[in-house]
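Report on the following structure.
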Amino acid sequence: MITNDILPADLKQIAGKIKAGERINDEECLMLFEKASLGFVGSLANEIKQKLHGNKVFFNRNFHIEPTNVCVFSCNFCSYSRLYAHRDEGWELSMDQMLNMVKSYDGQPVTEVHIVGGVHPKMNLEFFAELLKKIKAHRPGLHIKGFTAVELDYMFRKAKMTNEEGIKYLHESGLDSIPGGGAEIFDPVIREKICADKVATEGWLAIHEAAHKLGLHSNATILYGHIENYQHRIDHMRRLRELQDKTNGFNTFIPLKFRNKDNDMSNVSECSIVEDMKMYAVSRIYMDNFPHLKAYWPMLGRQNAQLSLSFGVNDIDGTIDDTTKIYSMAGAEEQNPSMTTAELVALIQQVKRVPVERDTLYKEIKNYGPSTEMVLNPEMN
Ligand code: V47
Ligand code: SF4
């Protein structure tokens, strides 16, 4: 609980607004980033999260397909991609290999496949439309969340299609929703420094807007903790909040912590865990029209993901099954990210939250209830 009497007047006023359910502006958000303690923002974010979701923490049963790490772009923070000229050092999965990955989950209760990778000049719109159709023909009930706005923008431009035409075509082929990657930082000056050659801010937002108008939901990310400052983070979140006011098509906001291993920004230090928790808490407060806030555990690590549940987070993604390399190659602690459902459930229950398995669109599949085990550390109560 925040004791109002020891707060500076400006923070007291902001806390009053938040508790009354009012939206905070950019200036107030900056004040939270710069002046408020972690305990202060954490407590407010937790209150908001409790109002929205109570003690529920969502996860899903998913796996990733990363068709290739060959990429025509050269984002400086990326540890994962290989340029087309060096494609012999990377991987390119064939249609059959990807389909076999899907088939390897036959009989297992996964609900989502997340398809994301580099931007390969030969894997075009037709190729991916065929992949989507084949996946759906094999397993119609599997939700396909696929392709960042970066991948889509490249595919559509090459196919000479508008965003609307391209999304409609992929949707008809089996695409169900769009993941949040590729957003990075929308401020043009920082974007130019970290990922100059891929889709610009306006293009990223236009693709998500077009998807929402066609009835597809999507997520949104921010890559934080590198050379950006708080104003850049706020600018990024404001653009997303404004689009969400218009379309209401975003499900989840996902802050992604910059990791610095083996990339062209390895000289930039990674931010602290305190900064990570502050990012979650402030985004929960500012992004008042986003229903969900996700901590992506393969990037953050299990214990930190657990900690984030006290800072506004209500979703920790899914079981993953060791099917993504984006973060392990960038230095994340989780070198082979995979958790069984039982492990995810235990992780959530250990901090006195209620695990709920969801589908991609947050329909509840199973509520596991609170832990029935005795609490070993009474002070955690
Ligand atoms: O856009 C790449 C990030 C993203 C690094 O929508 C890095 O549910 C930190 O967007 N350090 C792709 N981040 C992954 C992504 C995602 C992941 C999980 C769930 C969802 C969802 C979306 O990974 C990229 C980029 O921002 N990334 N390299 C790095 N060194
Ligand atoms: Fe390519 Fe994505 Fe890596 Fe950028 S972040 S180089 S677009 S794989």
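As the structure is a prediction and not an experimental result, all values here were calculated from the model. Below, each value reflects all heavy atoms present in this structure, side chains not excepted, and no hydrogens, waters or symmetry copies.
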Given N229 and H232, is the side chain to side chain donor-acceptor pair (under 3.5 Å) satisfied, shown in steps?
CA-CA 5 Å; N229 63 28; H232 299 129; 3.0 Å; yes
Grouping I, L, V, M, F, W and Y whenever their side-chain heavy atoms are under 4.5 Å apart, do V189 and V199 come out in a common cluster?
no
Looking at every non-hydrogen atom in both residues, tell me the closest pair between F40 and A15 and how far apart they are.
CZ-CB, 3.9 Å
Is it true that a side-chain atom of R191 and a backbone atom of A183 form a donor plus acceptor pair closer than 3.5 Å?
yes
F128 and ring-ring contact (aromatic ring centres under 6.0 Å, His included): which partner among F147, F156, Y154?
F147
Without hydrogens or angle criteria, can the side chains of D197 and S74 be said to hold a donor-acceptor pair below 3.5 Å?
yes
Under a 4.0 Å threshold between the charged nitrogen and the carboxylate oxygen, would E209 count as salt-bridged to K213?
yes
Worked check of salt bridge (Lys or Arg N to Asp or Glu O under 4.0 Å) between E184 and K198:
CA-CA 11 Å; E184 323 311 357; K198 70 186 183 188; 2.6 Å; yes
Can F33 and Y230 be said to form a ring pair (Phe, Tyr, Trp, His ring centres under 6.0 Å), step by step?
CA-CA 7 Å; F33 268 130; Y230 289 139; 4.5 Å; yes
Charged N to carboxylate O below 4.0 Å: is that the case for E357 and R61?
yes
Take atom CD of Q97 as the centre, draw a 6.0 Å sphere, and report whether it contains more than 12 heavy atoms from other residues, nucleotides or ligands.
yes
Given H226 and F77, is the ring pair (Phe, Tyr, Trp, His ring centres under 6.0 Å) satisfied, shown in steps?
CA-CA 9 Å; H226 43 90; F77 55 81; 7.3 Å; no
Ignoring hydrogens and angles, tell me if any N or O in the side chain of T319 forms a donor-acceptor pair with the backbone of N62 under 3.5 Å.
yes
